[in-house]
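Excluded from the calculations below are hydrogen atoms, water molecules and symmetry mates; all remaining heavy atoms, backbone and side chain alike, are included. Order of the sequence lines fixes the chain letters, A, B, ..., with proteins taken first and strands second; residue numbering starts at 1 for each chain.
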Amino acid sequence: MKTYTNVKDLGNLQDAIKEALEIKKNRYAYKNIGENKTLLMVFFNSSLRTRLSTQKAGMNLGMNTMVLDINQGAWKLETERGVIMDGDKPEHILEAIPVMGCYCDVIGVRAFANFESKEFDYQETIINQFIQYSGKPVFSMEAATGHPLQAFADLITIEEYKKTPRPKVVLTWAPHPRALPQAVPNSFADFMNEADVDFVITHPHGYELAEKFVRGAKVEYDQMKAFEGADFIYAKNWAAYQDPNYGKILSTDRSWTVSERQMAVTNNAHFMHCLPVRRNMIVTDEVIESPQSIVIPEAANREISAQVVIKRLLENL
Amino acid sequence: MKTYTNVKDLGNLQDAIKEALEIKKNRYAYKNIGENKTLLMVFFNSSLRTRLSTQKAGMNLGMNTMVLDINQGAWKLETERGVIMDGDKPEHILEAIPVMGCYCDVIGVRAFANFESKEFDYQETIINQFIQYSGKPVFSMEAATGHPLQAFADLITIEEYKKTPRPKVVLTWAPHPRALPQAVPNSFADFMNEADVDFVITHPHGYELAEKFVRGAKVEYDQMKAFEGADFIYAKNWAAYQDPNYGKILSTDRSWTVSERQMAVTNNAHFMHCLPVRRNMIVTDEVIESPQSIVIPEAANREISAQVVIKRLLENL
Amino acid sequence: MKTYTNVKDLGNLQDAIKEALEIKKNRYAYKNIGENKTLLMVFFNSSLRTRLSTQKAGMNLGMNTMVLDINQGAWKLETERGVIMDGDKPEHILEAIPVMGCYCDVIGVRAFANFESKEFDYQETIINQFIQYSGKPVFSMEAATGHPLQAFADLITIEEYKKTPRPKVVLTWAPHPRALPQAVPNSFADFMNEADVDFVITHPHGYELAEKFVRGAKVEYDQMKAFEGADFIYAKNWAAYQDPNYGKILSTDRSWTVSERQMAVTNNAHFMHCLPVRRNMIVTDEVIESPQSIVIPEAANREISAQVVIKRLLENL
């Protein structure tokens, strides 16, 4: 593996899950792989879970780790040629990124969608610049359109908790006060479409995700109908993707908040969310505190998904 | 030891001091204890001494260390159930804290008193949430009402510098331009009350500390009288604790500044302060620069107190 | 070596270069030297290259590393005696610096010139306080008047790319929209004056550097003439040093921007710059992207120069 931005990079998913579960049993078994290797984590946006879990994954593998916080989301690097750089951008990507690549062996990058340009976001401009110019293996710690470490952790969690060989998994939109990127639902769909699950997406009209990620997945606009017989409910808010509403909030309808009412029609489904979660917007206290809620073990698996990814990048050096 | 917030957690104090002095002789002797163990340090307030000394203590024990700075004192986590989280708090403690616990083996927490609510401060709301919800051993890196790593370092220092079996130790209030928490004097009293010392507290009227920490200690309102024959002078400012003045500055009387005038009536006492110290407010240049000043070795012992505490938490895993 | 602030600290330069090239071949060969040793990196100014390369150098040597960011350039420590510290400075250097020294074995310090006082800057007040009061070996990670890790990396790079025993090396001023310190050109001159090179400095009138660094070096005000037959072009902006213009921008003349026009008269010179570089101010896209540009390997050598310096400081403990 040379980069990690989507499900395809993992190759055979069953092998990846198997590797993850094996690492989880003994996460210090591969400390020699990372010896004398350095993980650089570059954050253009703040982070709690991703930062801690990815750093720990690198340390589990025996790596040295360095964290670089870049002006909270302000991408101040010039990307064009020919510009007379006399403004607020002190450096060009063609220098900045290769230099970061000089001081490490593997680079993780977090750079959210900024909703200023759908084209800029969906071309994954920033992480692709790292892939193109750093000279080192790059993995996504949540980019503009995907969060594949999260989706891989989700898949591992579903594997651990499923009670049937082919569980029904429902991705449901839920309300939120702020306009959020589509990275998490995109990657979740990307993974579920390749996994051995019965995958359904439900959301209000206007919240259709990009075809690149939805592919042939079933979309059901009636949330109650979608939940019927579900084994896993995966809740998440996202802002609209479709033009002309890209990045906009179209609904704050709290009837979409996941509550006992909807959970009652499932097959005693497990509740999942990538966290952080706004209670009583995304999900009620009752549901997230119920025994069926697996949000904490799901978060714990972020360490495992990161470790599989970094291990594979190291093995390919 | 499962948590560390006060003197009682150390058990037998003589044993703890003995362990500290042994570690100080060879601080790398226990590197195997922390192998494959991760220390997470969570800072709600900024830190210099505590951050460096605690991180070094963890590394001395062979641990991996991670530092998490949370928005400079702004506790933005929802703590109530039933709240519709559509405001400025993006996450609930019931998710945030268990997740932090997932990625580490031991957690240190710094969260100062904010003086907005005496009840919130003196119930030690924040660190107790970590103790209750993280699932991991938690130690205080200065909480609202105590700074037990400092007080333990103070005790070690007194042990090293004392010239009599039962020295006289005086905790004296001194003026300061800002309203400071009672954490340091509280913990110092907590420790001195259990140590084999003759303990006296002196401060202007109105600066009485909480009975929980003062216990039976002698309080002498005449600073000169308190200093007579003292072997150690421990200076510190704090804001008022007693109602209705909680968190207020009642005095900036610079006659309380520790100077050669007061030191002259002591038994050639050593001068101590937890640092940072404002010169010529808390203490004069002459006193803090005198051979009797032991503020630097006192600070150096912060590494040792932290190492004993983390070592014991690791041994109990 | 006990401190590292200028070329003299390296002793014999040929030996230093030899040691650097040897380390570059196997940068993990000395991991035992740094075992149980801690590197503290103190930043008063932000950093990308220096932070990553120096931290990596410490880790290459097996050290534990700690990074301390101090209020972005605001030197808030009291330096005078006798001051009643009731203002915005919470701590005195005489306490703060020795305490930092307690928790580490080697200290790197970054503290730029602030252009408020030429005397304060050129006395190297801040880094000298660390040298005087920390009790530990101190090295510059760019101080007010010098950036010796950069200059040493530059020298290593010249050694690697030179095609003649005594190459002609030209330091040229180039325009920039902001007033920049003289640290980089000062140290470059400091090193080139001791190296086996034909060294020429070129800049507009009024940009003369301090005699302490220029020493006997040839200064040529005609940039084209200076470039004739050059083997290495080292571009950099700096603000005026000479009174009464200290810290001022005297020229933004873009005819000084290094372009193919000037490079054409060189001996197919290599282009160097310490980065970050503003394209089409300092240098054109064409020149910095040409095969003769060695800015990336030059940056990569920052890890090597830092490792030699830290290794020598450790060996002298």
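Two residues are said to be in side-chain contact when any heavy atoms from C-beta on lie closer than 4.5 Å; B:Glu91 and A:Leu275 meet this criterion. Here the side chains of B:Arg81 and A:Glu289 are in contact, with some heavy-atom distance below 4.5 Å. At a threshold of 4.5 Å between non-hydrogen side-chain atoms, the residues A:Arg302 and B:Tyr103 count as touching. Side-chain contact between A:Arg51 and B:Met66 is absent, with no heavy atoms from C-beta onward closer than 4.5 Å. The side-chain heavy atoms of B:Ile84 and A:Met281, taken from C-beta on, include a pair separated by under 4.5 Å.
Interface residue A:Pro276: backbone and side-chain heavy atoms are both found under 4.5 Å from chain B. Looking at A:Arg27, neither its backbone nor its side chain comes within 4.5 Å of chain B, counting heavy atoms on both sides. Proximity to chain A (any heavy atom under 4.5 Å) is shown, for B:Val42, by neither the backbone nor the side chain.
Atom CD1 of A:Ile282 and atom CE of B:Met85 lie 10.0 Å apart (nearest 0.5 Å).
The candidate with the highest count of non-hydrogen atom pairs below 4.5 Å against chain B, out of A:Lys31, A:His176, A:Glu303, A:Arg49, is A:Arg49.
With hydrogens and angles disregarded, a donor-acceptor distance shorter than 3.5 Å links the side chain of A:Tyr28 to the backbone of B:Asn36.
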* **Worked verdict on A:Ile288 versus B:His92 for side chain to side chain contact (heavy atoms under 4.5 Å, CB included)** => CA-CA 11 Å; A:Ile288 201 170; B:His92 198 283; over 6 Å; no
